[in-house]
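Values reported hereafter were calculated over all heavy atoms of this structure, with side chains retained and with hydrogens, waters and symmetry mates removed.
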Amino acid sequence: TWELVGNFAAAQLSQYTYRATTVADSPAVSVYVVTAHTTLPSLWFMSDPDSGWSVDNIAPGVPQGFAATYTPATGTVLAWQASEAEDFQYFRVYRDATPDFDIAPGNLVQSTAGLSWTDPDPLNGPVFYKLTAVDDSENESDPATLSQIVGLPEEGALPVRFALHGNVPNPFGGTTTVSYDLAERGRVRIEIYDVQGRHVRSLVAGALPQGRYRTEWDGKDDHGRRVAAGAYFCRMEAGSFREVRRVVMIR
């Protein structure tokens, strides 16, 4: 029993070409036959079976949950979720001084099959990262940008009071930076809510030492979906400290 994958009318040509879709990436093999039919239903011809297979050109999905945490003692710790691709092989980490850089061999800094990597280089000005997944046929996914950046220290003396500063830029269309100060070590949460009070995105959740920090919001919710343009609220909680700032996203 053969499954029909396509048909077309004859045109008195000496040779015909038809592109058939295979059922899976290589090395799965599919077997095909070709039949030729005349105007008489009882008169038709069938070729010998022949096999074929596809070349794997399907890249893995974009890595999810890409986040970074900076500590002066260890550097920038990057972490992400496992790839769901069955033929996944490893991840590639790229680094550059500009946020919209193109991934290339020149800014590739690490290849790993693990779910984290620590960049030991100290931060000298802005540093931006992208992450891709690669399968066993060397197909590379589109890059993931950081969904969360925690604990990037600002220059200057340690703060003596808690503060949530206004995001810059505001309004914003792509990514905005939220700066905040911690007067002492402790747990801190910074979250985005819409005007109805519904939770949109967690930007920071964890314990940090005293210091000045910044985190970025890329205008996406916790599921990686781009939110609608409009007003949102950024809320910070650290011990008994509470502060809310208005954030405006535009297209």
Side-chain angles (χ1 to χ4, degrees), residues 5 17-30 51-71 74-152 172-177 201-204 214-227 251:
V5 296
T17 301
Y18 182 83
R19 177 173 295 179
T21 302
T22 52
V23 296
D25 289 339
S26 58
V29 176
S30 299
S51 60
W53 59 91
S54 65
V55 175
D56 182 2
N57 59 2
I58 301 176
V62 176
Q64 299 296 307
F66 187 30
T69 302
Y70 175 82
T71 59
T74 60
T76 304
V77 180
L78 305 174
W80 50 86
Q81 298 175 9
S83 173
E84 297 182 355
E86 294 182 359
D87 55 356
F88 164 79
Q89 287 296 295
Y90 61 92
F91 296 98
R92 288 174 178 166
V93 181
Y94 298 86
R95 181 183 62 197
D96 200 90
T98 57
D100 297 325
F101 70 93
D102 294 326
I103 59 174
N107 48 42
L108 175 65
V109 292
Q110 181 66 18
S111 296
T112 176
L115 300 181
S116 65
W117 176 67
T118 299
D119 185 357
D121 292 344
L123 293 175
N124 294 315
V127 177
F128 300 90
Y129 298 91
K130 292 185 179 181
L131 177 73
T132 64
V134 182
D135 65 16
D136 55 13
S137 295
E138 289 297 308
N139 296 306
E140 186 172 13
S141 73
D142 290 335
T145 55
L146 283 172
S147 60
Q148 183 183 108
I149 305 175
V150 178
L152 295 180
F172 77 102
T175 299
T176 189
T177 299
R201 176 72 173 272
S202 292
L203 299 181
V204 180
R214 67 177 185 269
T215 185
E216 294 185 354
W217 183 36
D218 57 4
K220 297 179 182 179
D221 63 17
D222 280 331
H223 302 287
R225 299 172 299 202
R226 191 77 173 171
V227 301
R251 293 298 187 189

> What heavy-atom pair brings Leu203 and Thr215 nearest, and what distance separates the two atoms?
Replying inline: O-OG1, 3.9 Å
>> I need the Leu131 CG to Ser141 OG distance, nearest 0.5 Å.
In response: 7.0 Å
> What is the distance from atom NZ of Lys220 to atom OG1 of Thr145, rounded to the nearest 0.5 Å?
Replying inline: 5.0 Å
>> Under the rule for side-chain contact (heavy atoms from CB on, under 4.5 Å), what residues qualify as partners of Pro143, not counting sequence neighbours?
In response: Ile103, Lys130, Thr132
> What pairs with Ser83 under side-chain hydrogen bond (donor to acceptor under 3.5 Å, both in side chains), at least two apart in sequence or on another chain?
Replying inline: none
> Looking at Gly61 and Ala133, what are the two nearest heavy atoms and their distance?
Replying inline: O-CB, 4.1 Å
> For Ala59, what residues pass the side-chain contact (heavy atoms from CB on, under 4.5 Å) criterion, not counting sequence neighbours?
Replying inline: Asn139
> In chain order, what residues pass the salt bridge (Lys or Arg N to Asp or Glu O under 4.0 Å) check against Asp221, with sequence neighbours excluded?
Replying inline: Arg225
Which side-chain N or O atoms in residues 106-115 pair as donor and acceptor under 3.5 Å with protein atoms at least two apart or in another chain?
| from | atom 1 | to | atom 2 | distance (Å) |
| --- | --- | --- | --- | --- |
| Asn107 | OD1 | Ala104 | N | 3.0 |
| Asn107 | ND2 | Asp102 | O | 3.0 |
| Gln110 | OE1 | Trp117 | NE1 | 3.4 |
| Thr112 | OG1 | Gly114 | N | 3.0 |

> Without hydrogens or angle criteria, can the side chains of Thr98 and Asp96 be said to hold a donor-acceptor pair below 3.5 Å?
Replying inline: yes
>> I need the minimum non-hydrogen distance between Pro60 and Val134, along with the two atoms involved.
In response: CG-C, 4.0 Å
> Rounded to the nearest 0.5 Å, how far does CZ of Phe91 lie from CH2 of Trp80?
Replying inline: 7.0 Å
>> Applying ring-ring contact (aromatic ring centres under 6.0 Å, His included), can you list everything that pairs with Phe172, at least two apart in sequence or on another chain?
In response: Trp217
>> Test of understanding: with salt bridge (Lys or Arg N to Asp or Glu O under 4.0 Å), list the residues that count as partners of Glu138, not counting sequence neighbours.
In response: Arg92
> Do Arg201 side-chain atoms and Gly219 backbone N/O form a donor-acceptor pair below 3.5 Å?
Replying inline: no
> What is the minimum heavy-atom distance between Phe128 and Glu216, and which atoms define it?
Replying inline: CE2-OE2, 4.1 Å
> Who pairs with Asp136 by side-chain contact (heavy atoms from CB on, under 4.5 Å), at least two apart in sequence or on another chain?
Replying inline: Asp56, Asp87, Gln89
> Got a second to check how far Arg226's CZ is from Asp218's CG, nearest 0.5 Å?
Replying inline: 6.5 Å
> Arg19: what forms a side-chain hydrogen bond (donor to acceptor under 3.5 Å, both in side chains) with it, not counting sequence neighbours?
Replying inline: none
>> Applying side-chain contact (heavy atoms from CB on, under 4.5 Å), can you list everything that pairs with Glu86, at least two apart in sequence or on another chain?
In response: none
